[in-house]
**Q** 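Got a structure for you, written out below as structure tokens; questions coming shortly.
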Amino acid sequence: MVRIILVRHGETQWNIEGRYQGREDTHLSERGLKQGQLLARGLKDVHIDAFISSPLERAFMTASFCAELHGEKVQKDPRLTEIDHGDWEGRLAGEIEAAYPREFAAWHTAPHTVQMPGAGGESLADVCARARAAFDDYATRWAGKTVLAAAHDAVNKALICDLLGMSQKCFWQIKQDNACINVLEEKNGLWRLVLLNSTNHLGYLFSGIEQKGL
């Protein structure tokens with residue numbers, strides 16, 4: 001069995017603004033840095049054998065806080081990179097809604113049908129295919145071990161849906177707060193969800209925050 005502690009990166013300024021980040025390499029906000037440190041403290045007494053992260057700074061730094069307290073380094077895996085939002089990247093949710101009303105509405109009601117517009121734009125199926133391949137690799141490589149993987153909102157949601165055999169139609173039924181903890185376990189090819197969107201280590205049971213830049 002492999003156990004994967006899947007976390008989302010800490011808050012960024014673009015999260016606060018409601019700006020779509022995607023592949024843009026944004027930085028953690030002041031609060032995001034504190035969240036990363038609290039996440040690390042919350043996991044410092046948990047035995048973790050390996051630390052993996054999306055190569056984007058916001059996820060890598062979040063993972064690095066955790067790895068540092070264990071005396072370990074973080075390995076980068078591009079398969080955990082956030083969804084490529086194509087032409088939506090760097091734009092505010094309101095701007096996107098005005099410019100792409102039909103696609104924006106579909107993204108929030110039928111996300112499994114949307115291919116992000118513009119060069120490089122991905123679908124949830126695209127994201128799921130690469131992230132699931134990564135997790136299946138981890139299950140083989142670290143069998144019997146515990147791994148921390150730091151990724152992103154859309155990646156985590158799409159991956160959790162897939163690992164539990166749920167359609168990407170359910171994407172919006174899963175919430176991922178900044179610096180949250182999820183725990184998933186795999187045994188004999190079957191994945192189970194042990195913990196979802198835990199934020200107790202940040203000082204609250206639930207955040208009440210609804211981010212727009214997703």
Side-chain angles (χ1 to χ4, degrees), residues 6-29 31-33 35-36 52-64 74-135 149-162 168-180 182 197 207 209-214:
L6 175 63
V7 304
R8 185 188 175 199
H9 63 78
E11 179 192 81
T12 69
Q13 183 60 36
W14 281 20
N15 287 147
I16 298 170
E17 296 173 4
R19 196 177 294 277
Y20 278 58
Q21 295 180 107
R23 299 290 180 99
E24 296 297 314
D25 207 5
T26 56
H27 313 302
L28 294 178
S29 65
R31 185 183 186 203
L33 292 169
Q35 289 173 336
I52 310 167
S53 174
S54 154
L56 295 177
E57 181 185 312
R58 56 191 185 272
F60 184 78
M61 182 168 287
T62 300
S64 295
V74 181
Q75 304 175 44
K76 295 181 180 180
D77 189 339
R79 294 175 295 183
L80 299 182
T81 307
E82 181 59 303
I83 186 172
D84 192 322
H85 282 300
D87 289 345
W88 291 7
E89 293 200 358
R91 305 177 74 172
L92 295 170
E95 296 173 347
I96 297 169
E97 184 175 16
Y100 301 87
R102 184 172 57 187
E103 294 89 343
F104 188 82
W107 175 237
H108 287 88
T109 57
H112 60 294
T113 68
V114 177
Q115 183 83 35
M116 292 292 169
E122 290 185 298
S123 66
L124 289 181
D126 295 329
V127 174
C128 182
R130 55 180 168 81
R132 177 59 189 267
F135 265 51
H152 305 267
D153 184 77
V155 172
N156 289 9
K157 289 178 180 178
L159 186 54
I160 290 169
C161 283
D162 189 71
Q168 296 300 323
K169 294 178 182 179
C170 302
F171 178 82
W172 291 109
Q173 292 175 255
I174 295 173
K175 189 179 182 188
Q176 290 291 279
D177 283 302
N178 286 120
C180 70
N182 309 282
N197 197 42
S207 70
I209 296 171
E210 297 291 343
Q211 293 177 351
K212 295 181 179 181
L214 304 176

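Model, not experiment: these values are computed from the prediction.
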**Q** side-chain hydrogen bond (donor to acceptor under 3.5 Å, both in side chains), that's the test. Do Gln176 and Asn156 meet it? Break it down for me.
**A** CA-CA 7 Å; Gln176 290 291 279; Asn156 289 9; 3.0 Å; yes
**Q** Got a second to check how far Leu6's CG is from Ile160's CD1, nearest 0.5 Å?
**A** 5.5 Å
**Q** Between Asp77 and Ala134, what is the shortest heavy-atom contact and its length?
**A**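 That closest heavy-atom pairing would be OD2-CB, 3.8 Å.
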**Q** For Asn197, does its backbone N or O pair with a side-chain atom of Asp177 as donor and acceptor, under 3.5 Å?
**A**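 Not confirmed, Asp177 side chain does not pair with Asn197 backbone.
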**Q** Using side-chain heavy atoms (C-beta onward) and a distance below 4.5 Å, is Phe135 in contact with Leu80?
**A**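 Yes, side chains in contact.
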**Q** Going by heavy atoms in the side chains, are Arg23 and Glu122 under 4.5 Å from each other?
**A**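 With C-beta onward as the side chain, the pair touches.
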**Q** Considering all heavy atoms of both residues, which atom of Phe171 and which atom of Pro111 are nearest to each other, and what is their separation?
**A** CB-CG, 3.8 Å
**Q** Establish, from distance only, whether the side-chain atoms of Gln13 and His27 form a donor-acceptor pair under 3.5 Å.
**A**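 No - no donor-acceptor pair under 3.5 Å links their side chains.
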**Q** Is there a side-chain contact between Leu33 and Met61, using heavy atoms and a 4.5 Å cut-off?
**A**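 They are in side-chain contact.
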**Q** May I ask you to decide if Leu92's main-chain N or O and Glu17's side chain share a donor-acceptor pair within less than 3.5 Å?
**A** no
**Q** Could you pull out the closest heavy-atom pair between Ala158 and Cys128, with the gap in Å?
**A**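 Closest approach of Ala158 to Cys128: O-SG, 4.1 Å.
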**Q** If you measure from CG on Leu159 to CD on Gln168, what distance do you get to the nearest 0.5 Å?
**A**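 With rounding to 0.5 Å, CG (Leu159) is 9.0 Å from CD (Gln168).
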**Q** Any side-chain to backbone donor/acceptor pair from Gln35 onto Glu11? Under 3.5 Å, distance only.
**A**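 Indeed, once roles are kept as given, a pair shorter than 3.5 Å links the two residues.
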**Q** Looking at NE2 of His112 and CH2 of Trp107, how far apart are the two atoms once the value is rounded to the nearest 0.5 Å?
**A** 11.5 Å
**Q** For Asn178 and Gln211, which I'm curious about, is there any donor-acceptor pair between the side chains at under 3.5 Å?
**A**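 Short answer, yes.
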**Q** What closest approach, in Å, do Asn182 and Cys180 show between heavy atoms, and which atom pair accounts for it?
**A**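 Closest pair (atom of Asn182, atom of Cys180, distance): ND2-SG, 3.9 Å.
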**Q** Side chains of Asp87 and Tyr100: does their closest heavy-atom pair fall under 4.5 Å?
**A**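 In contact.
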**Q** Are the side chains of Arg8 and Thr62 in contact, using a 4.5 Å heavy-atom criterion?
**A**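 Sidechains of Arg8 and Thr62: no contact.
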**Q** Does some side-chain heavy atom of His108 sit less than 4.5 Å from a side-chain heavy atom of Trp172?
**A**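 Trp172 vs His108: side chains touch.
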**Q** Once rounded to the nearest 0.5 Å, what's the spacing between atom NZ of Lys157 and atom SG of Cys170?
**A** 12.5 Å
**Q** For a side chain to side chain contact (heavy atoms under 4.5 Å, CB included) check, start with the C-alpha distance between Asp84 and Glu89, then their side-chain angles and the critical distance, and finish with the verdict.
**A** CA-CA 8 Å; Asp84 192 322; Glu89 293 200 358; 3.4 Å; yes
**Q** Rounded at 0.5 Å granularity, tell me how far OG in Ser54 sits from CG in Asp25.
**A** 8.0 Å
**Q** I want to check something: taking the side chain as every heavy atom from C-beta on, are Thr12 and Arg19 in contact at a cut-off of under 4.5 Å?
**A** no
**Q** Heavy-atom count around Lys175 NZ within 6.0 Å, excluding the residue itself: above 12?
**A**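 Enclosed.
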**Q** What heavy-atom pair brings Lys212 and Tyr20 nearest, and what distance separates the two atoms?
**A** O-CE1, 3.4 Å
**Q** Side chains of His152 and Gln21: does their closest heavy-atom pair fall under 4.5 Å?
**A**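 No, side chains not in contact.
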**Q** Looking at Pro117 and Trp88, what are the two nearest heavy atoms and their distance?
**A** CG-NE1, 3.2 Å
**Q** Let me confirm one number: the CG-CD distance from Leu56 to Glu82, rounded to the nearest 0.5 Å.
**A**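 Between atom CG of Leu56 and atom CD of Glu82 there are 8.0 Å.
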**Q** Short question: side chain of Asp126, backbone of Ser123 - any donor-acceptor pair under 3.5 Å?
**A** yes
